[in-house]
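Reading through the C-alpha cells given below for one structure.
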Amino acid sequence: MEILSPKAFIFIVSLNLMFMINNEVKSVNRNYTVPLITITLLFFMWGFITCMNDILIPYLKQLFNLTFFESMLVQFCFFGAYFIGSLIYFLVSMTGGDPINKVGYKKGILFGIFLAAFGCVLFYPAATLSSYGLFLGALFVLGLGFTVLQITANAYVSLLGSEESASSRLNMTQAFNAFGTTIAPVLGGHLIFEFFSADDGSFSAVATRIPYLIFAGILLLVALLISRVQLPSFQTDEQETVTGLGALQYSHLLFGVFAMFCYVGGEVAVGSFIISFLEQPQVMNLNEVVSKNYLSLYWGGAMIGRFLGAISLNQSISQSKKVLYMIGAATAVFLVIFSIVDLTFSQISFFLVFIVLNFIAFFIGKSAPARTLSIFAGINVLLLISAMLNHGELAMYSILGIGIFNSIMFSNIYTLAISGLGKYTSQGSSLVVMAILGGAIVPIFQGYLADIFGVQHSFIIPVFCYLVILIFGAYCTKYLGHVKQDVDAKSGH
C-alpha cells in the first residue's frame with residue numbers, strides 16, 4: 001500500500017521550505033511572531049473561501065441557465081458587501097469615533113469571522129430551496145464578514161512592526177491568502193463538481209450544502225484559536241480618538257482608494273472569466289473539470305509573487321541573500337502548485353518563464369513598492385492585450401500569467417494608501433477596503449461586454465484597470481517624499 005504519493009511528499013517538503021523562508025525573512029518584534037502566524041492562518045482561510053466564487057460562477061450559470069451578466073451577480077453581491085460594510089464603518093467612525101479603536105482589533109477580527117461563518121451556513125437553505133436569490137444573499141453576508149476582516153486584519157498586520165517593512169509583511173500574509181486561493185479551485189471544484197454532485201453527473205444546488213458547512217466549521221475553529229492567543233493592542237488613548245472626515249485630507253489615500261478599486265476589479269474579473277475563457281473553441285476548448293486546474297495556476301502565480309515580494313521588499317535583507325531566498329521561495333512554491341493541480345509538469349512548465357520575468361521585474365523595481373507596482377501593472381496590460389489578440393496556448397498562457405504580477409498589488413496599494421495616516425489609519429483602511437467594490441462593479445461590466453462581443457474581447461475592461469494602477473505607482477514614485485512630509489505635518493510629527 002502506498003503510504004505517501006510523490007506529489008504529497010513534494011507538497012509537505014515544500015510547505016516546510018516556505019515556513020523556513022518565512023522564518024528567515026521575518027522582520028517583526030519577537031513578541032509579534034505568534035500573533036502574525038495566527039493572523040496568517042486567517043488570511044489563508046478567507047482566501048480559500050473567496051476564490052470559491054470562481055467555482056460557483058460557472059456552476060450556478062449552468063444550474064440556473066444564466067447569462068454572463070447574471071452570473072456575475074455572484075461577484076456583485078459578494079464584493080458589493082465590501083462597499084456597504086466599509087461605508088457603514090466609515091460613517092460610524094466619522095460620527096462616533098473609530099469602532100476598532102474602541103473595541104480592539106481582536107474583537108473586530110472575531111466578529112468578522114463569526115459573520116463570515118454565518119454567511120457560509122446560509123448556503124444550506126439556499127441550496128435546499130435551489131434559489132439563486134438566496135445564494136446571492138448568503139454571498140452578501142459572507143462578504144460583510146470578510147469586510148470586517150479586511151478592515152481589521154490588514155491594518156493589524158501593518159502595525160505589527162515598522163512602517164518601512166509593512167509592505168513586506170503584508171505580502172507575506174497575502175501569500176498565504178493566495179495559497180488558499182490556489183487550493184480552492186482544485187479542492188473546492190472537486191467537492192462541488194465531483195464529490196457532492198449527483199450520481200448521474202447532473203448539476204444540483206445541494207452539492208454546495210456540505211462544503212460550505214465545512215467552511216463554516218473551520219472558520220469557527222480559527223476563531224477559537226484566535227480567542228486563545230494573546231494579541232497586542234494598538235488602541236490609542238481616549239483623548240486621541242477623533243471624529244469627522246480626517247482621513248479624506250490625504251490626497252495619496254484618495255488616489256490609493258481608486259487604484260484599489262481598479263486592482264480588485266481587474267483581478268476578480270480575470271479570475272471570474274478564466275474558466276469561461278478556456279472553454280472558448282478558439283482558445284483551449286476545455287471543460288470545467290480540467291480548466292479549474294488552470295484557474296489554480298492563476299491564483300498560484302499570485303502566491304509565488306507574494307512570497308517573492310515579501311523577500312524583495314524587505315529592506316533588512318542584503319541583495320545577495322535576497323537572490324538566494326527568492327530562488328528558494330520560487331522553487332518551493334512552484335513545487336507546491338505542481339503537487340496541488342492535476343496537471344503534468346509539461347503543462348505547467350511555461351510558468352517558469354513568468355517566474356524568471358517576475359525576478360527581473362522585482363530587481364528593476366529595486367525593492368521600491370511604488371516603482372515595482374508600476375512595472376507589474378505595465379506587464380499585466382501587455383499580457384491582457386496578448387490574451388485578446390492571440391488564440392490557443394499563447395492566449396491561455398497570457399491570461400494565466402497575470403496572476404503572478406497581481407501578487408504584490410493589494411499589499412503595495414494598501415500600504416502606500418494608508419502610509420503615515422497615524423490616528424486615521426483604521427478610518428483610511430475602511431476607505432481602501434470600501435474600494436474592493438471594484439470586485440463587484442468591474443466583472444458586471446465585463447460580463448455585459450462578454451454577452452455582446454464575446455469573452456475574449458471583454459478583457460479590454462481590466463486593461464483600463466491596470467493602466468490606472470500603473471499611473472498610481474508612477475505618482476507615488478515621484479511624489480512619495482512630498483506626500484510623506486505632508487502626512488507628517490498633518491499628523492503633528
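Quick caveat, the model's predicted, so the values are computed rather than measured.
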Please check: side-chain N/O of Asn412 versus main-chain N/O of Leu373, any donor-acceptor pairing under 3.5 Å?
no
Has the side chain of Ser71 got a donor or acceptor atom that lies under 3.5 Å from a matching backbone atom of Phe68?
yes
Near-ring test Phe146/Tyr82, centroid separation under 6.0 angstrom:
no
What distance separates Ser458 OG from Phe445 CZ, expressed to the nearest 0.5 Å?
13.5 Å
Do Ile461 and Val442 have side-chain heavy atoms sitting under 4.5 Å apart?
yes
Using the side chain to side chain contact (heavy atoms under 4.5 Å, CB included) rule, take Phe273 and Phe459 through it: C-alpha gap first, then chi angles, then the decisive distance, then the call.
CA-CA 9 Å; Phe273 276 92; Phe459 283 100; 3.8 Å; yes
Parallel, tilted or perpendicular: ring planes of Tyr414 versus Phe410, cut at 30 and 60 degrees
parallel
Donor-acceptor check, side chain of Arg209 to backbone of Tyr124, threshold 3.5 angstrom: yes or no?
no
Taking side chain as C-beta onward, heavy atoms only, is Leu400 less than 4.5 Å from Phe354?
no
Any donor-acceptor pair under 3.5 Å linking the side chain of Glu267 with the backbone of Val264?
no
Measure across Ala377 and Leu470 and return the closest heavy-atom pair with its distance rounded to 0.1 Å.
CB-N, 3.6 Å
Residue pair Leu220, Leu224: steps toward the side chain to side chain contact (heavy atoms under 4.5 Å, CB included) verdict
CA-CA 6 Å; Leu220 292 177; Leu224 178 63; over 6 Å; no
Side chains of Val270 and Leu384 in contact at under 4.5 Å (non-hydrogen atoms)
yes
Candidate pair Ser86 and Leu431, rule side chain to side chain contact (heavy atoms under 4.5 Å, CB included), full reasoning
CA-CA 7 Å; Ser86 299; Leu431 286 172; over 6 Å; no
Are Phe376 and Tyr466 close enough that their ring centres sit under 6.0 Å apart?
no
Using side-chain hydrogen bond (donor to acceptor under 3.5 Å, both in side chains), reason through Asn406 and Tyr263 one step at a time and then give a plain yes or no.
CA-CA 8 Å; Asn406 276 337; Tyr263 160 67; 5.5 Å; no
Heavy-atom pair of closest approach, residues Ala361 and Ile375:
CB-CG2, 3.8 Å
How close do Leu278 and Met396 get, heavy atom to heavy atom, and via which atoms?
CD2-CG, 3.4 Å
How long is the straight-line distance from CG of Leu134 back to OG1 of Thr128, given to the nearest 0.5 Å?
10.0 Å
Using modelled atom types only, decide if a donor and an acceptor are shared between the side chain of Thr372 and the backbone of Ala368 within a distance under 3.5 Å.
yes
Of all the heavy-atom pairs spanning Pro462 and Gln446, show the shortest one and how long it is.
CD-OE1, 3.5 Å
Hey, is the main chain of Asn53 close enough, under 3.5 Å, to the side chain of Gln75 for a donor-acceptor pair?
no
Could you tell me which non-hydrogen atom of Ile413 sits nearest to which non-hydrogen atom of Ala259, and how far apart they are?
CD1-O, 3.9 Å
Quick one: does any side-chain atom of Asp451 pair with a main-chain N or O of Phe69 as donor and acceptor, under 3.5 Å?
yes
Just checking Tyr132 against Phe135, ring centres under 6.0 Å apart?
no
Compute the centroid of each ring, for Phe215 and then for Phe123, and state whether the two points are separated by less than 6.0 Å.
no
Kindly state whether the ring of Phe78 and the ring of Phe140 have centres lying under 6.0 angstrom apart.
no
Shortest non-hydrogen pair, Phe114 vs Ala223, comes out as CE2-CB, 4.1 Å
Any side-chain to backbone donor/acceptor pair from Asn358 onto Gly305? Under 3.5 Å, distance only.
no
Is the count of non-hydrogen atoms from other residues, nucleotides or ligands lying under 6.0 Å from Phe258 atom CZ greater than 12?
no
Test your reading of the model: is there a side-chain donor-acceptor pair from Ser374 to the backbone of Ala474, 3.5 Å cut-off?
yes
